[in-house]
Amino acid sequence: ERVAILSRNCGEYSEIFMGVVSGGYCAVTLPTMASAETLGVLLGDCRPAAIFISKEYEELAASVLQVANLKPALISIGGGVFSCAELMAQSSENYQPPKIEPQREFNTVYSSGTTSTPKGIVHSHLTRAVMSKGLAGLNFDRSSITLISTPLYTNLSLPAFFATLW
């Protein structure tokens, strides 16, 4: 199953992304600069079971979902009907993540769509694990800090994001 994220960069975005993929789901990062029409196409393509949405995009998402006739669970980042904080408060310290097969979908990133409709680029868990091994020579460790100035929905941001976490 896929879980989408429509949010500005924030700490909760990181927590959500890593929670989604460690739970064995595919994280679909949606571009916040996309038009309502484009978001409708992307959501129709990925058909997420749930969408985490930061406050500033809640109205846009609601209108897009209505037009696209999609009904995923909506989870608000920072409050709302069903909030991310409430969801995390319900988590168990004894949670054991599932065994995830290497070929399982890890994340989907959409291309910019400058020449046509954005395309979903799907990465597997194996792809991301190999990518992380490739960054091992850069000596990232627990004391490393990464400053990411680009949106987390871009493919360019993710290698630096993962290098610090893994």
Answer yes or no: is there a donor N or O on one side and an acceptor on the other, between the side chain of [X] and the main chain of [Y], under 3.5 Å?
| X | Y | result |
| --- | --- | --- |
| S22 | M18 | yes |
| K71 | N69 | no |
| R104 | G24 | yes |
| T108 | I121 | no |

Between [X] and [Y], is any pair of side-chain heavy atoms under 4.5 Å apart?
| X | Y | value |
| --- | --- | --- |
| F161 | Y13 | no |
| E37 | V67 | no |
| M33 | Y153 | yes |
| Y110 | V28 | yes |
| T32 | S54 | no |

Between [X] and [Y], what is the shortest heavy-atom contact and its length?
| X | Y | result |
| --- | --- | --- |
| I53 | A61 | CD1-CB, 3.6 Å |
| A50 | I75 | CB-CD1, 4.3 Å |
| S14 | L152 | OG-CD1, 4.4 Å |
| S111 | P118 | O-CB, 3.2 Å |
| A27 | V21 | CB-CG1, 3.9 Å |

Rounded distance (nearest 0.5 Å) linking atom [atom1] of [X] with atom [atom2] of [Y]:
| X | Y | atom1 | atom2 | value |
| --- | --- | --- | --- | --- |
| L30 | C46 | CG | SG | 6.0 Å |
| R8 | Y57 | CZ | OH | 8.5 Å |
| I77 | E58 | CD1 | CD | 9.0 Å |
| L43 | L65 | CG | CG | 5.5 Å |
| E105 | T127 | CD | OG1 | 11.0 Å |
| S124 | Q103 | OG | CD | 8.0 Å |

Just to verify, what does A36 make a side chain to side chain contact (heavy atoms under 4.5 Å, CB included) with, not counting sequence neighbours?
L60, V64
Check whether [X] and [Y] end up in the same hydrophobic cluster, where Ile, Leu, Val, Met, Phe, Trp and Tyr are linked by side-chain heavy atoms less than 4.5 Å apart.
| X | Y | value |
| --- | --- | --- |
| V41 | I51 | no |
| V20 | V122 | no |
| I100 | M131 | no |

Aromatic ring centroids of F106 and H123 under 6.0 Å?
no
Assess whether atom OH of Y25 is packed by more than 12 heavy atoms of other residues, nucleotides or ligands within 6.0 Å.
no
Heavy atoms of other groups near E56 CD, more than 12 under 6.0 Å
yes
My understanding is that only one of T29, N9, T150 makes a side chain to side chain donor-acceptor pair (under 3.5 Å) with S157; could you say which?
T150
